[in-house]
2 protein chains.
Amino acid sequence: MTSASTPVIGPSRCNCAALRKASRRMSQFYDSVLAPCGLKSTQYAMLTEIARQGAAPPTIRELAEVLVMDQSTIGQNLRPLEREGLVALVQDEADRRSRRITLTKVGRSRFAAAEPLWRVAQERFEGGFGRRAAADLRAVLGTIARDPSLADAGEGSLR
Amino acid sequence: MTSASTPVIGPSRCNCAALRKASRRMSQFYDSVLAPCGLKSTQYAMLTEIARQGAAPPTIRELAEVLVMDQSTIGQNLRPLEREGLVALVQDEADRRSRRITLTKVGRSRFAAAEPLWRVAQERFEGGFGRRAAADLRAVLGTIARDPSLADAGEGSLR
DNA sequence: CCCAAATATCGGGATATCCCTGTATTAAAG
DNA sequence: CTTTAATACAGGGATATCCCGATATTTGGG
């Protein structure tokens with residue numbers, strides 16, 4: 001009898017696959033907790049970063065860099081938020097190529113409403129995983145996210 | 001100590017965001033190394049799992065469970081692989097609701113061609129990150145990926 | 001000042017990923 | 001054996017994510 005009830009996720013040796021599986025599971029979890037406020041984990045992460053900048057609204061490029069995303073991805077992902085009036089893109093007067101991403105009043109309100117839910121997700125996860133373990137894991141993940149040798153691996157052969 | 005007045009100016013404390021950023025960076029890296037063989041990291045991961053099953057080709061549901069993906073995602077992602085003739089879906093005779101995913105000869109060949117590139121990515125990452133650290137990280141990520149409390153978090157309240 | 005290079009973004013196209021709802025098939029209840 | 005529930009997918013719709021190539025703007029060199 002194949003154990004259909006408890007499938008072993010598997011001792012895959014692939015660092016990338018391991019990271020992606022965990023990332024999908026974690027996203028499932030945060031998405032399910034955030035669902036009542038109508039924001040996905042990606043949207044919450046973007047709003048967090050935009051709110052954190054506060055006085056100096058980031059450009060698409062800056063936001064992409066911080067969130068380890070592609071510029072086009074940011075542009076696409078901003079569309080639903082813009083459509084719902086949570087963010088507004090205003091052309092930078094100094095450099096008119098750039099558009100700075102600002103939180104609207106509605107955006108700040110929706111973000112504030114989402115924050116308690118995010119805290120619930122944080123508490124629930126760290127309650128099981130360990131607060132210290134979570135902090136350690138975030139630190140390790142941060143070194144990976146910022147590692148320039150991973151980021152620039154495919155840059156040289158293109159230009 | 002949640003400083004209510006002072007805005008947090010540091011690395012994000014969100015476990016989900018940290019995981020997703022690292023996952024995107026790692027995917028960038030593996031994708032860039034795998035690019036010459038025409039397979040994305042997700043596709044390579046799917047082929048790996050299909051190949052690992054060998055004699056017992058998995059169903060869409062089984063593959064989804066092992067890879068921590070949605071069934072629809074697997075179905076969608078199989079389409080390009082099927083179109084290129086790397087995999088074939090054959091209806092299970094015992095349970096005709098199921099379709100078992102098998103590697104074709106072409107699929108096995110493409111997978112074999114991709115494997116050395118995957119090894120390069122593994123070596124390059126672990127060379128910088130540490131072989132031991134990578135194994136430890138994979139173990140931690142595995143516990144997250146198969147954590148039932150994360151998986152079932154939003155299941156009870158819906159049906 | 002003019003032109004080439006760099007920068008910031010946009011647009012199209014493709015895959016990836018989820019949700020929800022339907023359909024076919026099987027298994028279980030009565 | 002018939003109705004019902006559960007299971008396995010398929011399809012549509014939406015967001016997420018990347019790449020590539022095009023456009024607008026700025027900047028630096030001559």
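Below, all heavy atoms of this structure are taken into account, side chains as well, without hydrogens, waters or symmetry copies. Each chain gets a letter, A, B and so on, in the order its sequence line appears, and its residues count up from 1.
A/Q43 places its CD atom 14 Å from the P atom of D/dA14, with the value rounded to the nearest Å. Atom NZ in A/K40 sits about 11 Å away from atom P in D/dT17, given to the nearest Å. A straight line from OH of B/Y30 to P of C/dA16 spans 18 Å, rounded to a whole angstrom. For the pair B/R24 CZ and C/dT17 P, the computed distance is 12 Å after rounding to whole Å. Nucleotide C/dT9 holds its C1' atom 12 Å from the CD atom of A/Q76, rounded to whole Å. Atoms CE (A/M26) and P (C/dC18) sit 15 Å apart, rounded to a whole Å. Whole-Å rounding puts the A/L78 CG to C/dG11 C1' distance at 15 Å. Summarising the geometry, the separation between CD on B/Q91 and C1' on C/dT23 is reported as 13 Å, rounded to the nearest angstrom.
As judged by a 4.0 angstrom heavy-atom cut-off over every strand, B/T59 is placed among residues touching the sugar-phosphate backbone only. Nucleic acid contact class of A/D95 (heavy atoms, under 4.0 Å, all strands): sugar-phosphate only.
Under the 3.5 Å distance criterion, the side-chain polar atoms of B/R100 are matched with a main-chain donor or acceptor of B/P57. Side chain of A/E49 to main chain of A/P58: no donor-acceptor pair is present (N/O by atom type, distance under 3.5 Å, no hydrogens or angles). Not one N or O on the side chain of A/R24 forms a donor-acceptor pair closer than 3.5 Å with the backbone of B/M69.
In this structure, A/R79 does not reach the D/dT15 phosphate: none of its side-chain N or O atoms is under 4.0 Å from OP1 or OP2. Under 4.0 angstrom from either OP1 or OP2 of C/dT25 there lies no side-chain N or O belonging to B/S98. For the pair A/R61 and C/dA6, the criterion of a side-chain N or O lying under 4.0 Å from OP1 or OP2 is not met.
Set against D/dT7, C/dT15, D/dT15, the side chain of A/P80 has D/dT15 as its closest nucleotide. Between D/dA8, C/dT17, D/dT17, one nucleotide has an atom nearer to the side chain of B/T42 than all others, and that is C/dT17.
Between A/I50 and A/L63 there is a side-chain heavy-atom pair separated by less than 4.5 Å. Between A/K40 and A/L34 the shortest side-chain heavy-atom distance does not fall below 4.5 Å.
Ranked by how close their nearest DNA chain D nucleotide is to the 5' end, B/L89 and A/R83 are led by B/L89. With the nearest nucleotide of DNA chain C identified for both A/R20 and A/R100, A/R100 has the one nearer the 5' end. Of the two residues near DNA chain D, A/A94 and A/N77, the one whose nearest nucleotide lies more 5' is A/N77.
Side-chain polar atoms of A/Q43 and A/N77 form no donor-acceptor pair below 3.5 angstrom. Side-chain contact check for B/R25 and B/Q28: at least one donor-acceptor pair (N or O, by modelled atom type) lies under 3.5 Å.
For residues 62-73 of chain A, proximity to DNA chain C is found at A/Q71, A/S72, defined as any non-hydrogen atom under 4.0 angstrom from a strand atom.
Between atom OG of residue A/S98 and atom CG of residue A/L89 there is a gap of 11.0 Å, rounded to the nearest 0.5 Å.
Side-chain atoms of A/R96 stay outside donor-acceptor range of the base of D/dT25, with no qualifying N/O pair under 3.5 Å.
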